[in-house]
Amino acid sequence: MNKIYTYLFFVVILFIFVIFQTTLFNPGRLGRFYIDLTLILIIYLSLTTEIRGGVFFAFLSGYMIDLFSGASLGLYVISRLSLFVIIRFIVTKIYSDRFIVHILIIFFSIIYEWLFLYSLFSINFDLNAVPAPSFIIINVLMNTLVGYICFIIIKELHGKLYS
Amino acid sequence: MGFFRRYPLFAVLLMIFFLVQLVPLNNQDKLSKSKFSKVILTLTYYPQRGVSVLSRFIVRKWEKYIDNVGHYEENKVLKSNIAKLREENFRLSETELQNKRLRKLLNFRSEDEYEVIAANSIAVSPSAIKSQVIIIDKGSRHGLIKGMPVKTHEGVVGKVYIVGKSSSEVLLITDSLSAVDSYVQRSRERGIIKGDGSKWCVMEYLEKASDIIVGDKIVTSGKDGFFPKGILLGTVVEIFSTGGNIKAKIRPNVDINSVEEVLVINKEPEEFVISEQEVVVNE
């Protein structure tokens with residue numbers, strides 16, 4: 001029963017994050033300070049070992065971002081799925097339940113997603129759509145900071161669900 | 001195989017590399033036709049609308065408060081402007097009536113012949129790299145279909161891309177996959193306006209000898225089967241040559257980032273009209 005509640009909890013969180021990301025925290029409104037809430041959630045799920053259906057959430061989050069951004073099916077799906085798999089792999093090699101490790105994983109995950117999208121766009125399109133490096137650096141730092149705060153909030157809520 | 005067992009991360013990265021090759025960036029049909037996409041669009045409609053209405057309400061209240069400061073002087077200027085505009089409006093309505101009579105005489109079709117459906121933008125793209133999309137609060141139950149043109153009173157915004165039950169996704173003219181057949185209003189030089197994925201558009205396929213200068217207005221030609229003729233697209237801000245052709249950088253007339261209310265032109269894309277005719281012929 002707990003497992004079902006956990007799944008439902010993360011489905012609801014994912015939907016709330018998508019809604020916030022498309023209405024309040026979107027790049028059009030916040031520019032370089034925009035917050036990629038769904039990416040932060042996927043990083044959290046890939047670090048939290050008791051969540052088994054993380055792959056499903058990685059797929060769903062990628063699909064929804066693809067859908068709302070008018071991108072072709074697969075751009076964000078592959079980016080999120082691959083990120084999930086890589087983090088899970090790293091987590092099996094290191095002791096991940098530490099503040100600094102969480103910060104570093106969030107930081108490098110956001111850089112990974114930017115590099116992934118950047119390389120894909122440079123193959124298929126000219127690079128006008130890709131923001132300037134200064135935009136990306138500020139965005140990575142902003143998301144790392146907000147990401148850790150989100151981690152604490154989700155952990156609290158998740159813990160309350162279990163207790 | 002032993003190598004991949006020893007280094008599973010390398011295997012994963014290799015797999016990702018091959019998967020990336022399968023992503024067709026310029027083929028969006030699968031996503032727009034998927035029923036799952038429409039379900040997600042419908043599920044997120046009410047929350048998106050709720051958050052959008054609430055945030056807009058707060059922003060407007062705040063702007064109203066700010067606007068009240070120093071209102072008196074502005075009011076005086078506006079009153080004199082209104083008097084001038086009334087006079088101009090009278091002259092324009094006279095000209096419009098005359099224009100209508102002459103158009104009727106010549107059997108012209110104008111964009112005014114199409115009905116419009118008013119809609120509000122309730123959400124935008126959540127991606128920084130593919131950001132040229134907005135979500136509007138009208139869908140199939142309001143009569144929207146894929147490919148319908150979208151504009152504001154200032155000019156072209158884009159066209160309907162995915163239609164949900166109550167909301168739809170609009171691909172903006174600034175998106176890298178958007179293309180609109182257009183004219184230079186002054187010289188009638190024809191070209192294709194494409195989005196560059198950021199805030200700008202580029203007019204392509206112009207010959208080197210084309211009569212186009214910075215400041216020229218660009219309007220839709222009506223020949224692409226989507227947009228009616230004569231809607232303002234933008235203004236030329238830069239001209240540069242590439243090979244045997246020239247290109248023009250266009251600033252869209254509509255401020256794409258702050259668009260709130262839009263009008264969907266009730267015009268079926270011509271490709272669909274043709275297919276329906278074909279069905280009738282086949283029957």
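Lettering of chains follows the sequences in order, A, B, ..., and the numbering in each one begins at 1.
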Problem - Ile122(B) versus chain A, the contacting section by heavy-atom distance below 4.5 Å - result: backbone
Handout entry: Side chain, backbone, both or neither of Ile35(A) within contact of chain B (heavy atoms, under 4.5 Å)
Key = neither
Problem - With His102(A) via ring pair (Phe, Tyr, Trp, His ring centres under 6.0 Å) - residues at least two apart - result: Phe151(A)
Practice task
Side chain from CB out, backbone as N, CA, C, O: work out which of these in Arg32(A) comes under 4.5 Å of a heavy atom of chain B, or both, or neither.
Solution key: neither
Practice task
Taking atom NZ of Lys61(B) as the centre, report whether more than 12 heavy atoms of other residues, nucleotides or ligands fall under 6.0 Å from it.
Solution key: no
Practice task
Assess whether atom CZ of Phe240(B) is packed by more than 12 heavy atoms of other residues, nucleotides or ligands within 6.0 Å.
Solution key: yes
Problem - Arg56(B) atom CZ, over 12 foreign heavy atoms within 6.0 Å - result: yes
Practice task
Indicate yes or no: at least one non-hydrogen side-chain atom of Ser127(B) is less than 4.5 angstrom from one of Tyr76(A).
Solution key: yes
Problem - Any side-chain heavy-atom pair of Phe68(A) and Gln48(B) under 4.5 Å - result: yes
Practice task
Let me know if Phe135(A) has heavy atoms under 4.5 Å from chain B in its side chain, its backbone, both or neither.
Solution key: side chain
Problem - Candidate pair Met64(A) and Ile40(B), rule side chain to side chain contact (heavy atoms under 4.5 Å, CB included), full reasoning - result: CA-CA 8 Å; Met64(A) 284 165 90; Ile40(B) 289 179; 3.8 Å; yes
Fill in the blank from the handout: Interface check, chain A: of Ser55(B), Ser121(B), Gly195(B), Ala123(B), most non-hydrogen pairs under 4.5 Å belong to Ala123(B)
Problem - Leu67(A) side chain near Ile162(B) side chain, heavy-atom distance below 4.5 Å - result: yes
Exercise for the section: For residues Ile19(A) and Val51(B), determine if any side-chain heavy atom of one lies less than 4.5 Å from a side-chain heavy atom of the other. Expected result: yes
Handout entry: Over 12 non-hydrogen atoms of neighbours within 6.0 angstrom of CD in Glu260(B)
Key = yes
Problem - From CZ (Phe15(A)) to OG1 (Thr44(B)), nearest 0.5 Å - result: 7.0 Å
Problem - Pro126(B) vs Asn26(A) side-chain heavy atoms within contact, under 4.5 Å - result: no
Problem - Atom CZ of Phe20(A): over 12 foreign heavy atoms under 6.0 Å - result: no
